[in-house]
Amino acid sequence: MPELPEVETVVRGLRPVLVGRTLQGLWCDWPRAVHSPSLEEFADRVRGQRVLAVERRAKYIVIQLEHDYLLVHLKMTGRLYVSPCDRVQEADRWVHVRFPLDGAEELRFSDSRKFGRVYLTSNPTRITGDLGPEPLAEAFSAAEFAQRLKLRDKGIKALLLDQTFIAGVGNIYADEALFRARIHPLTRSRDLTDAQITTLYETVRAALADGIAREGASVNWYRKADGSRGSAQDSLFVYGRAGQPCRVCGTPLQKIRVAQRGTHFCPSCQSFEGV
DNA sequence: CGGACAACCTGGCGGC
DNA sequence: TGCCGCCAGGTTGTCC
């Protein structure tokens, strides 16, 4: 679920409550959630390390420790937050990993579908090394986007979802960016005009930036680090709005299957001949 | 290289 | 209410 804007929002919420804290160890009731190293080594190594920074790379939460990096990928339903650890009434049934902190609190990783993973590594590029550029990075230009796009030839929606092409775009924001650019999701990347490519560069960034400004889209499981919802779901143009009128032209929105993902678009605004 | 599909998992929802 | 099938913000591996 969480895409770049949601992960960025979680990171911003965690930063003030986590930086400076010391991790005391590792508790886990679902060993597969710990990708690497082994549970034993993970617990030994993480114990006593202070949190120096909380950052984001694509959809990974990157927690810089004194000697290692703790990476977390939320996948579809993961949540990461700090909470008191002495609660008798446990509201969250899906906590599978806990990192006790100083001061009777703990960093929790909760994940109902159990797809999410945590990693501990001294070299995070071993995990994030194949990821494409950050679409919101200052240094990421329209020219670079166009250049990278022209090296590939596949359906544009599938390309936007490809994390080695652009890092951080997921199903919601891919649909939103394509709608804003008035590009049909099945268009082959080689068939895009230069003008469409430039527009898409802008709309990808705008859709993501708006998502961050609204603190993420709480369509289902996503919550901010403090447990509250974002508001981006209330201002989406097409995602989750099949059958409802297009906010621009009023035509009923359609939902189809593209790259094995539910794909929402306006058949009028995003027709193949719509340019 | 690209596309299709299965896996990994559980929960929520609509239909009957 | 209960059961069933379908769907879900992601990624990875396999096969063609």
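Hydrogens, waters and symmetry mates play no part in the numbers below; they use all other heavy atoms, side chains included. The chains referred to below are lettered A, B, ... by the order of the sequence lines, with proteins before strands, and numbering in each begins at 1.
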Checklist entry - Counting any heavy atom closer than 4.0 Å, what does A:Asp111 reach on the DNA or RNA strands: base, sugar-phosphate only, or nothing? => result nothing
Checklist entry - If you round to the nearest 0.5 Å, how far is CG of A:Leu74 from NZ of A:Lys59? => result 11.0 Å
Next on the checklist: Expressed as a whole number of angstroms, how long is the span from A:Asn220:CG to B:dC13:C1'?
Outcome noted: 10 Å
Checklist entry - Counting any heavy atom closer than 4.0 Å, what does A:Gln260 reach on the DNA or RNA strands: base, sugar-phosphate only, or nothing? => result base
Next on the checklist: Just the rounded figure in Å: distance from P of C:dG10 to CZ of A:Arg113.
Outcome noted: 10 Å
Item to check | CZ (A:Arg190) with more than 12 external heavy atoms under 6.0 Å | outcome: yes
Checklist entry - What is the nucleic acid contact for A:Gly262, judged by heavy atoms within less than 4.0 Å: base, sugar-phosphate only, or nothing? => result sugar-phosphate
Checklist entry - Which part of the nucleic acid, if any, lies within contact of A:Gly216, taking any heavy atom under 4.0 Å across all strands shown: a base, the sugar-phosphate backbone alone, or nothing? => result nothing
Using residues 145-157 of chain A as the side-chain source, report each donor-acceptor pair under 3.5 Å to any protein atom, sequence neighbours left out, with the distance given to one decimal.
residue: A:Arg148; atom: NE; partner: A:Phe165; partner atom: O; Å: 3.2
residue: A:Arg148; atom: NH2; partner: A:Thr164; partner atom: O; Å: 2.7
residue: A:Arg148; atom: NH2; partner: A:Phe165; partner atom: O; Å: 3.2
residue: A:Lys150; atom: NZ; partner: A:Asp194; partner atom: OD1; Å: 2.9
residue: A:Arg152; atom: NH2; partner: A:Asp162; partner atom: OD2; Å: 2.8
residue: A:Asp153; atom: OD1; partner: A:Arg188; partner atom: NE; Å: 3.3
residue: A:Lys157; atom: NZ; partner: A:Asn171; partner atom: OD1; Å: 2.5
residue: A:Lys157; atom: NZ; partner: A:Asp175; partner atom: OD1; Å: 2.6
residue: A:Lys157; atom: NZ; partner: A:Gly262; partner atom: O; Å: 3.4
residue: A:Lys157; atom: NZ; partner: A:Thr263; partner atom: OG1; Å: 3.0

Item to check | N or O in side chain of A:Arg32 less than 4.0 angstrom from B:dC9 OP1/OP2 | outcome: yes
Checklist outcome for this item: Looking only at C:dT11, B:dA4, B:dC9, the nucleotide nearest the A:Lys114 side chain is B:dC9
Item to check | Interatomic distance where CZ belongs to A:Phe165 and C1' belongs to C:dT11 [whole Å] | outcome: 18 Å
Next on the checklist: Please determine whether a side-chain nitrogen or oxygen atom of A:Arg261 lies at a distance below 4.0 Å from atom OP1 or OP2 of B:dA4.
Outcome noted: no
Checklist entry - Below 4.0 angstrom from OP1 or OP2 of C:dT11, is there any side-chain N or O of A:Gln163? => result yes
Checklist entry - Roughly, in whole Å, what's the span from CG in A:Asn171 to P in C:dT11? => result 11 Å
Checklist entry - Given atom CH2 of A:Trp221 and atom C1' of B:dT10, what is their separation to the nearest angstrom? => result 8 Å
Checklist entry - Considering only the P atoms, how many Å lie between C:dC6 and B:dC5, rounded to the nearest integer? => result 15 Å
Next on the checklist: Using side-chain heavy atoms (C-beta onward) and a distance below 4.5 Å, is A:Leu253 in contact with A:His264?
Outcome noted: no
Checklist entry - Between A:Arg21 and A:Asp102, is there a donor-acceptor pair closer than 3.5 Å when you use the side chain of the first and the backbone of the second? => result yes
Item to check | Any A:His73 side-chain nitrogen or oxygen under 4.0 Å from OP1 or OP2 of C:dG10 | outcome: no
Checklist outcome for this item: A:Trp94 atom CH2 is separated from C:dA8 atom C1', nearest whole Å, by 14 Å
Next on the checklist: Counting only heavy atoms and a strict 4.0 angstrom limit, can you tell me which residues of residues 228-242 of chain A come near DNA chain C?
Outcome noted: A:Tyr239
Checklist entry - A:Lys154 side chain N/O closer than 4.0 Å to the phosphate oxygens (OP1, OP2) of B:dA4? => result no
Item to check | Stacking of A:Phe115 on B:dC8 base (centres under 5.5 Å, planes under 30°) | outcome: yes
Checklist entry - Counting any heavy atom closer than 4.0 Å, what does A:Arg117 reach on the DNA or RNA strands: base, sugar-phosphate only, or nothing? => result nothing
Checklist entry - Is any side-chain heavy atom of A:Ser110 less than 4.5 Å from a side-chain heavy atom of A:Tyr81? => result yes
Checklist entry - Has A:Arg93 got a side-chain N or O lying under 4.0 Å from the OP1 or OP2 atom of B:dG11? => result yes
Item to check | Short side-chain N/O contact from A:Lys59 to OP1 or OP2 of C:dG10, under 4.0 Å | outcome: yes
Item to check | Aromatic plane relationship, A:Tyr60 with A:His73 - under 30° parallel, 30 to 60° tilted, over 60° perpendicular | outcome: perpendicular
Item to check | Integer angstrom distance from the P of C:dC4 to that of B:dC9 | outcome: 22 Å
Next on the checklist: Are more than 12 heavy atoms, taken from residues, nucleotides or ligands other than A:Asn123, located less than 6.0 Å from that residue's CG atom?
Outcome noted: yes
Next on the checklist: Can you measure A:Ile172 atom CD1 to C:dA8 atom C1' for me and round it to whole angstrom units?
Outcome noted: 10 Å
Next on the checklist: In whole Å, I'd like the distance from the CZ atom of A:Arg79 to the C1' atom of B:dG11.
Outcome noted: 12 Å
Checklist entry - Roughly how far, to the nearest 0.5 Å, is the CZ atom of A:Arg45 from the NE2 atom of A:His67? => result 10.5 Å
Checklist entry - How far apart are the C-alpha atoms of A:Glu3 and A:Tyr222, what are their side-chain angles, what is the distance that settles it, and do they pass the side-chain hydrogen bond (donor to acceptor under 3.5 Å, both in side chains) test? => result CA-CA 10 Å; A:Glu3 306 179 33; A:Tyr222 162 71; over 6 Å; no
Next on the checklist: Let me check I have this right: for DNA chain B, each base becomes ., (, ), [, ] or |, based on Watson-Crick or G-U pairs with both distances under 3.5 Å. What is the full string?
Outcome noted: .|||||||.|||||||
Next on the checklist: Applying a 4.0 Å non-hydrogen cut-off, can you work out what A:Arg257 is touching in the nucleic acid: base, sugar-phosphate, or nothing?
Outcome noted: sugar-phosphate
Item to check | Side-chain donor-acceptor contact under 3.5 Å, A:Glu6 with A:Tyr173 | outcome: yes
